[in-house]
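Note sheet for the following structure.
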Amino acid sequence: MTKDDVADALNEIGTLLELKGENAFRTNAYHNAARLLQSLPGDLNQMVAEGKLEEVRGIGDALAEKITTLVTTGKLPYLEELRASVPEGLVQMLRLPGLGPKKVKALHTNLQIDTIEKLKAACEAGEVAKQKGFGAKTQQKILDGLAFIDKVGHRVRIDLALPLGLALLEQVRAFPGVIRSELCGSLRRRKETTGDIDILVSSASPQPIMDAFVKITEVVQVIAQGPTKSSVLAAMHVRGEKATLQADLRVVTDDQFPFALHYFTGSKEHNIRMRQRAIDRGLTLNEYALANETRSVPCKDEADIFAALGLPYIEPELREDTGEIEAGEQKTLPALVKDSDIRGVFHNHTTASDGTASLEQMALATKALGLEYFGVGDHSQSLTIARGLPPGAVRKQWAEIDRVNAKLSGVRIIKGSEVDILEDGSLDYDDELLAGFDYVVASVHSLFAMPEAEMTARVCKALAHPAVTMLGHATGRLLLKREGYKINLEEVLKAAAKHGKMIEINAQPSRLDLDWRYVKRAKAMGIPIVINPDAHSPGELGLYTFGVQVARRGWLTKDDVFNTRSLPDVMKELNRRKQKTPA
DNA sequence: GCCGTTTTCGGCCCGACTGTTTTCAGTCG
């Protein structure tokens, strides 16, 4: 058993104990131990063998014994007994916003609800609202949550899906007889979430490839296995989280490969347009060929297919039928921004607020990524939960930045802050303090339930403030978990354009906010975009690449993205903006 | 569950918000 498997088991115990109404300190000890294990360096088997587990702060006798049993036998009777005593449906109910262990337990005890289906029926019958501690609003919130899950289905965030897809692809590529192979589908188009992994292979002998595919270590279940297509369920741990997805493998001949690659990359809407173009030229386009009864157009790659239909190559990220065909015809397709264009990052956190690494550690990690500048953006004073900085701490940090900047070479720390937008749209620091920052990210972190008009006015007012440089995570959404707050983004973009403000693409894979559709809109309005990792640890700095993917889906070129500029350029522009700020 | 210069029991876990209440339990970050 790996560290991650053991951590999964411990987390499961913690959750099941919560549902049984156990003491929160006890359940937390399990979750805590799971987290400890995942960040533990070295080999777990070896630690167990050497009896070193108890030395870890947070793991005592009881946890050490359970971990030892899991590692040595691969199972744990205690966990199995727990599972048998708690219906599986209760664990699923926990995923609904507004439902925690206490409420789930109450629903189970009082209404015998132990499945999502029974929960839905009870809400629709109005039974839940009658329960003590529940009410009409809670009941509606559950129904909204159920509808949301229904809509989202079993999709997985790209930061989890892509590593799993690439791990499978890498192994498939090593199979004997594989000529070409690629990821297709929404993963290749770098959509923010993925429903399944599509892998395409060209080969003259499909059968051995099918046989080998279902035996890959990440495969947990074989759903179907035919001569040229197989479907499996694959799972992998990525940075402590488990990704499980259906993965389909298709094998075609190498002549068919470009057509199949285009077809399975989609999107469906893009494909429809392309097939129509083929028909207009007296041809049919499908996953095997571009042809009619009398002739077949040979294509060695996708570019040949586009060329045969009178178009330049269209990048997968653009294939959504949102104007890419027309732009191709007019030769106005953008040269999309690339990872290597990024020269620095803004909006990051250090131990001064809720980050895990010091200013200097973060700056060094930025340099190690080959970047030139690290914009610090710790939280402002109102966000006490994230240890937001009071003014005194801000001034202390500025002195620290000057000290570290004097010491380091090859990377520069830029003074910034992620300042809360307060309820009335004012900022969380006074103007004098704000004027001392090189840049300010303004973000909403409170009162998410505000009516749309109020929230829009609140954010637009903040954007009018001279000290604000850019807007942080524009909607506050958490992908597959929580919809963003209600806000009129069109109005927000107008305000940003009017006041000359930038908007960030928050590159945290759970956010990817501003959404790519609005990124495209922002570009059309001339609003500069900044790709920010919102890193809370050195390891998160590299997440900016997920923001680059959003930028590409939003048609952005290098020139559209502020942090593709060099350090001198960036400082010049930030200073120019500050000159406009009345002190 | 873990932990101990407060050491074998009692504290650990903070604060805002929501929806339910009429003073607060539960959820969430």
Side-chain angles (χ1 to χ4, degrees), chain A residues 6-7 9-37 53-70 76 78-79 82 90 93-110 123 128-145 349 353-356 378-388 390 418 420 422-423 428 443-451 455 472-473 476-479 481-485 506 508 510-511 534 536:
Chain A
V6 176
L10 296 180
N11 272 325
E12 193 180 350
I13 292 173
T15 304
L16 292 172
L17 288 175
E18 281 168 18
L19 286 168
K20 289 184 84 96
E22 252 306 337
N23 176 315
F25 297 113
R26 187 175 172 222
T27 61
N28 200 35
Y30 281 97
H31 293 303
N32 186 45
R35 215 184 51 241
L36 285 172
L37 279 187
L53 271 181
E54 289 93 334
E55 289 175 19
V56 179
R57 208 183 137 83
I59 297 179
D61 292 344
L63 272 162
E65 195 190 322
K66 290 190 176 78
I67 294 168
T68 303
T69 307
L70 276 166
L76 184 61
Y78 175 67
L79 173 57
L82 266 179
L90 301 195
M93 284 160 66
L94 273 184
R95 284 210 290 258
L96 293 164
L99 280 189
K102 300 276 170 61
K103 288 205 158 131
V104 169
K105 185 165 187 274
L107 290 171
H108 182 220
T109 310
N110 302 330
C123 284
V128 170
K130 291 181 196 158
Q131 296 297 304
K132 188 164 181 283
F134 292 76
K137 287 202 175 171
T138 305
Q139 181 171 279
Q140 191 53 47
K141 201 170 176 185
I142 294 172
L143 283 171
D144 290 347
H349 300 269
S353 67
D354 60 348
T356 65
D378 276 311
H379 288 289
S380 61
Q381 53 190 344
S382 283
L383 205 64
T384 50
I385 184 72
R387 298 195 298 276
E418 184 184 19
D420 263 43
L422 303 178
E423 181 170 9
D428 196 22
S443 305
V444 168
H445 288 115
S446 60
L447 299 159
F448 284 19
M450 220 176 225
M455 184 63 92
H473 42 72
R477 75 177 182 185
L478 292 178
L479 288 168
K481 268 193 183 168
R482 176 180 83 194
E483 309 238 30
Y485 33 78
N506 189 299
Q508 283 282 333
S510 56
R511 294 189 183 269
D534 194 0
H536 288 67

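Lettering follows sequence order; numbering is per chain, from 1.
Side-chain nitrogen and oxygen atoms of A:R57 include at least one within less than 4.0 Å of the OP1 or OP2 phosphate oxygen of B:dG4.
A tilted orientation is assigned to the rings of A:H536 and A:H379, their planes being inclined by 30° to 60°. Between A:Y30 and A:Y78, the two ring planes are parallel [angle under 30°; tilted spans 30° to 60°].
The nucleotide B:dT8 finds no pairing partner, because no Watson-Crick or G-U wobble arrangement with both distances shorter than 3.5 Å includes it.
Atoms CG (A:L94) and P (B:dT27) sit 9 Å apart, rounded to a whole Å. Here the P atom of nucleotide B:dC28 and the CZ atom of A:F448 are 14 Å apart, to the nearest Å. Between A:H445 atom NE2 and B:dC17 atom C1' there is a gap of 16 Å when expressed in whole angstrom units. Distance CE (A:M93) to P (B:dT27): 11 Å, rounded to an integer number of Å. Atoms NZ (A:K102) and C1' (B:dT18) sit 16 Å apart, rounded to a whole Å. Across the protein-nucleic acid pair, A:E423 atom CD and B:dA16 atom C1' stand 13 Å apart, rounded to whole Å. Distance CG (A:L63) to P (B:dG1): 7 Å, rounded to an integer number of Å. As rounded to whole Å, 14 Å separates atom C1' of B:dC2 from atom CD of A:E22.
To the nearest 0.5 Å, atom CD of residue A:E18 and atom CZ of residue A:R26 are 12.0 Å apart.
The closest side-chain donor-acceptor pair between A:T27 and A:E22, if any, does not fall under 3.5 angstrom. Checking A:D420 against A:S382 by side-chain atom types alone, no donor-acceptor pair falls below 3.5 Å.
To the nearest whole angstrom, the two C1' atoms, one in B:dT20 and one in B:dT27, are 13 Å apart. A distance of about 29 Å separates the P atoms of B:dG11 and B:dC17, rounded to the whole Å. Rounded to whole Å, the separation between the P atoms of B:dT21 and B:dC14 comes to 28 Å. Nucleotides B:dG15 and B:dG10 have their P atoms positioned 24 Å apart, rounded to a whole Å. Comparing the same atom, P, in B:dT6 and in B:dC2 gives a spacing of 22 Å after rounding to whole Å.
Using a 4.0 Å heavy-atom distance criterion, A:K66 is classed as a sugar-phosphate-only contact. Note on A:N32: nothing from the nucleic acid sits closer than 4.0 angstrom, heavy atoms only. Across all strands, A:V56 comes closer than 4.0 Å only to sugar-phosphate atoms, never to a base (heavy-atom distances). In this structure, A:L17 reaches neither bases nor backbone, as no heavy-atom distance under 4.0 Å exists between it and the strands shown.
In this structure, the side chains of A:M455 and A:V444 come closer than 4.5 Å at one or more pairs of heavy atoms. A:D354 is not listed as a side-chain neighbour of A:L383, based on a closest heavy-atom distance of 4.5 Å or more.
Heavy-atom neighbours of A:E65 CD from other residues, nucleotides or ligands within 6.0 Å: at or below the threshold of 12.
Mapped onto DNA chain B by nearest heavy atom, A:A24 and A:S382 fall at different nucleotides, with A:A24 at the one closer to the 5' end.
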What protein N or O atoms touch nucleotides 19-21 of chain B N or O atoms at under 3.5 angstrom, if any, and at what distances?
| from | atom 1 | to | atom 2 | distance (Å) |
| --- | --- | --- | --- | --- |
| B:dG19 | O3' | A:T138 | OG1 | 3.3 |
| B:dT20 | OP1 | A:G135 | N | 2.5 |
| B:dT20 | OP1 | A:G135 | O | 3.1 |
| B:dT20 | OP1 | A:A136 | N | 3.4 |
| B:dT20 | OP1 | A:T138 | N | 3.4 |
| B:dT20 | OP1 | A:T138 | OG1 | 3.1 |

